There are 2 protein chains.
Amino acid sequence: MRIGELGQAAGVDVETIRFYEKSGLLPAPARSENGYRAYGSTHLERLAFIRHCRALDIPLSEVQRLLEFVEHPNADCGDIDQLIDTQLAKVRARLKSLKALEKQLSSLRGRCGAKHIAGECGILHELVAAAHKEACVCHGHFEPKTLAT
Amino acid sequence: MRIGELGQAAGVDVETIRFYEKSGLLPAPARSENGYRAYGSTHLERLAFIRHCRALDIPLSEVQRLLEFVEHPNADCGDIDQLIDTQLAKVRARLKSLKALEKQLSSLRGRCGAKHIAGECGILHELVAAAHKEACVCHGHFEPKTLAT
DNA sequence: AGAAACCCTGTAGTTACTACAGAGTCAAGG
DNA sequence: CCTTGACTCTGTAGTAACTACAGGGTTTCT
Ligand SMILES: [Zn+2]
Ligand SMILES: [Zn+2]
Ligand SMILES: [Zn+2]
Ligand SMILES: [Zn+2]
């Protein structure tokens, strides 16, 4: 199996495959006489595993760790749950902040109705005003002297 | 106002401020005799605006465009709504995929109960199995020959 | 034989910062 | 007067996970 076929089979760009190899995630395959990489089915499995994890937004460094578990099945699994827990917590945190973001943006969107000049655009006004506010929730405004806890 | 004070006032790291200047988002301020940057209140306003937009996850290139609108208030505002619309669409798309992700991860998490060796961990099994599936939803498996549309 | 399509290595670009390295400036304390 | 510490300056390199060449060699099809 050459790199292009592997890429086709796994739905991955060839450059990405070479990148995974360089990063130590995918073992360097044998080379055929012409120097082309020659992959076997284990490579396809491993690549699919990596892509599946990436689809779960698991960072490559953690995928690396998971792959080590796959290869050393006698290790204690405690770290696996923790890895997933961490990932889940990250996703939930991001979800929460994205929901807040959606609210902000859609309320912002409502500020502009018909066409007009930028100087009278409610969106722009709101953005400028919000940036002025002391109590702006979204970005970390704070009085450095008054509230130095 | 020196760069450190500006950073304090806006809640932004000094390196980030210099980065914004280099990127053309924050105008280069005057320099005092010793070569230190000397900022005024307009810089603080502008910086706050940038941070507010960034908190809305608006990319710097779009923040740049918004700043141009702020400076040319006579321009047509049509592009502003569109910018926000685009941003909103991106956020909603990300929100949708994150929700799916959360579902996957939490179901995955349920696969592992008590402690055991990695070879018997339901999480790991599931990850490996899912990567094998033809119909894996999350990452783009596809039969290149059979379904070549 | 010649062109298209594939493969190789290595480097640089993307985003939005963050982290130095190495040097200069300034106020306060001993 | 000298030193220490906090601040500032420039410029470069690193982060995550790819993506996009440049400049070559090889295979395959016609
Ligand atoms: Zn998958
Ligand atoms: Zn408008
Ligand atoms: Zn804000
Ligand atoms: Zn387990």
Side-chain angles (χ1 to χ4, degrees), chain A residues 1-26 28-39 43 47 49-67 86-87 90-91 94 97 101 138-140 144, chain B residues 1-26 28-39 43 47 49-67 86-87 90-91 94 97 101 139-140 144 148:
Chain A
M1 215 191 209
R2 297 195 305 187
I3 198 169
E5 303 170 72
L6 179 63
Q8 275 280 315
V12 178
D13 197 275
V14 286
E15 312 253 30
T16 304
I17 297 174
R18 287 196 276 254
F19 167 73
Y20 285 159
E21 180 181 328
K22 231 186 327 187
S23 317
L25 280 142
L26 204 57
R31 299 288 180 127
S32 39
E33 280 200 2
N34 51 19
Y36 288 12
R37 288 171 180 82
Y39 293 99
H43 288 100
L47 182 54
F49 181 86
I50 295 170
R51 292 311 282 185
H52 185 72
C53 292
R54 290 292 304 128
L56 295 173
D57 232 14
I58 297 171
L60 289 181
S61 54
E62 311 274 290
V63 176
Q64 183 81 277
R65 287 182 52 210
L66 284 174
L67 281 167
T86 305
Q87 186 58 21
K90 267 197 302 193
V91 167
R94 183 85 183 119
S97 81
L101 202 52
C138 68
H139 70 285
Chain B
M1 214 189 207
R2 297 195 304 186
I3 197 168
E5 303 171 71
L6 178 63
Q8 275 281 314
V12 178
D13 196 274
V14 285
E15 312 254 29
T16 304
I17 297 173
R18 287 196 277 254
F19 167 73
Y20 285 160
E21 180 181 328
K22 228 186 330 187
S23 318
L25 279 141
L26 204 59
R31 299 288 180 126
S32 38
E33 279 201 1
N34 51 18
Y36 290 9
R37 287 170 180 82
Y39 293 100
H43 288 100
L47 182 54
F49 180 86
I50 294 171
R51 293 309 283 184
H52 184 72
C53 292
R54 290 293 303 129
L56 296 174
D57 231 15
I58 296 170
L60 289 181
S61 55
E62 312 274 290
V63 177
Q64 182 81 279
R65 288 182 51 210
L66 284 174
L67 281 167
T86 305
Q87 186 59 22
K90 267 197 299 193
V91 167
R94 183 83 184 123
S97 80
L101 203 51
H139 69 285

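This is a predicted model, so every value here is computed, not measured. Quick note on labels: first sequence line is chain A, next is B, and so on, each numbered from 1. These numbers come from the heavy atoms of this one structure, side chains and all, not from hydrogens, waters or symmetry mates.
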_Side-chain donor/acceptor of B/E15 to base of C/dC20, under 3.5 Å_ = yes
*Candidate nucleotides D/dC9, D/dT12, C/dT11, ranked by approach to the side chain of B/Y36 - the nearest*: D/dC9
*Does B/R2 place a side-chain N or O at less than 4.0 Å from the phosphate oxygens OP1/OP2 of D/dC7?*
no
*Separation of B/Y20 atom OH from C/dA16 atom P, in whole Å?*
9 Å
_Interatomic distance where CD belongs to A/E21 and P belongs to C/dC7 [whole Å]_ = 14 Å
_Rounded to whole Å, how long is the line connecting atom CG of A/L47 with atom C1' of D/dC18?_
14 Å
*Listed by chain and number, what are the side-chain hydrogen bond (donor to acceptor under 3.5 Å, both in side chains) partners of A/R94, not counting sequence neighbours?*
B/D57
_Categorize B/R18 for me: base, sugar-phosphate, or nothing, with a 4.0 angstrom heavy-atom threshold over every strand shown._
base
*Among C/dC17, D/dC9, D/dA17, the one nearest B/I3 by side-chain distance*: D/dC9
*Nearest-nucleotide comparison on DNA chain D, the residue closer to the 5′ end among B/G35 and A/K22*: B/G35
_B/R37 vs D/dC7: side-chain N/O to OP1/OP2 distance below 4.0 Å_ = no
*OP1 or OP2 of C/dC17 under 4.0 Å from side-chain N/O of B/R54*: yes
*Do A/P29 and A/E21 come close enough that some side-chain heavy atom pair is under 4.5 Å?*
yes
*asked:* Side-chain N or O of A/R51 versus OP1/OP2 of D/dA17: is the shortest distance under 4.0 Å?
replied: no
*Taking only residues two or more places apart in sequence or in another chain, which ones pass salt bridge (Lys or Arg N to Asp or Glu O under 4.0 Å) with B/E5?*
none
*For C/dT18, does OP1 or OP2 lie under 4.0 Å from any side-chain N or O of B/T16?*
yes
*What integer distance in Å separates B/R31:CZ from D/dT8:C1'?*
10 Å
*asked:* Rounded at 0.5 Å granularity, tell me how far CG in B/L66 sits from CD1 in B/I58.
replied: 5.5 Å
*Roughly how many Å is it from CG in B/D13 to C1' in C/dC20, rounded to a whole number?*
13 Å
*Rounded to whole angstrom units, what separation is found between the CG atom of A/L60 and the C1' atom of D/dT15?*
13 Å
_Between A/E33 and B/G4, which residue's closest nucleotide on DNA chain D lies nearer the 5′ terminus?_
B/G4
*Distance test, side-chain N/O of B/N34 to OP1/OP2 of C/dC26, below 4.0 Å*: yes
*Between C1' of D/dA16 and CZ of A/R94, the distance in whole Å*: 14 Å
_Between C1' of D/dA13 and CZ of B/F19, the distance in whole Å_ = 14 Å
*From B/K22 NZ over to B/E15 CD, what is the distance, rounded to the nearest 0.5 angstrom?*
9.0 Å
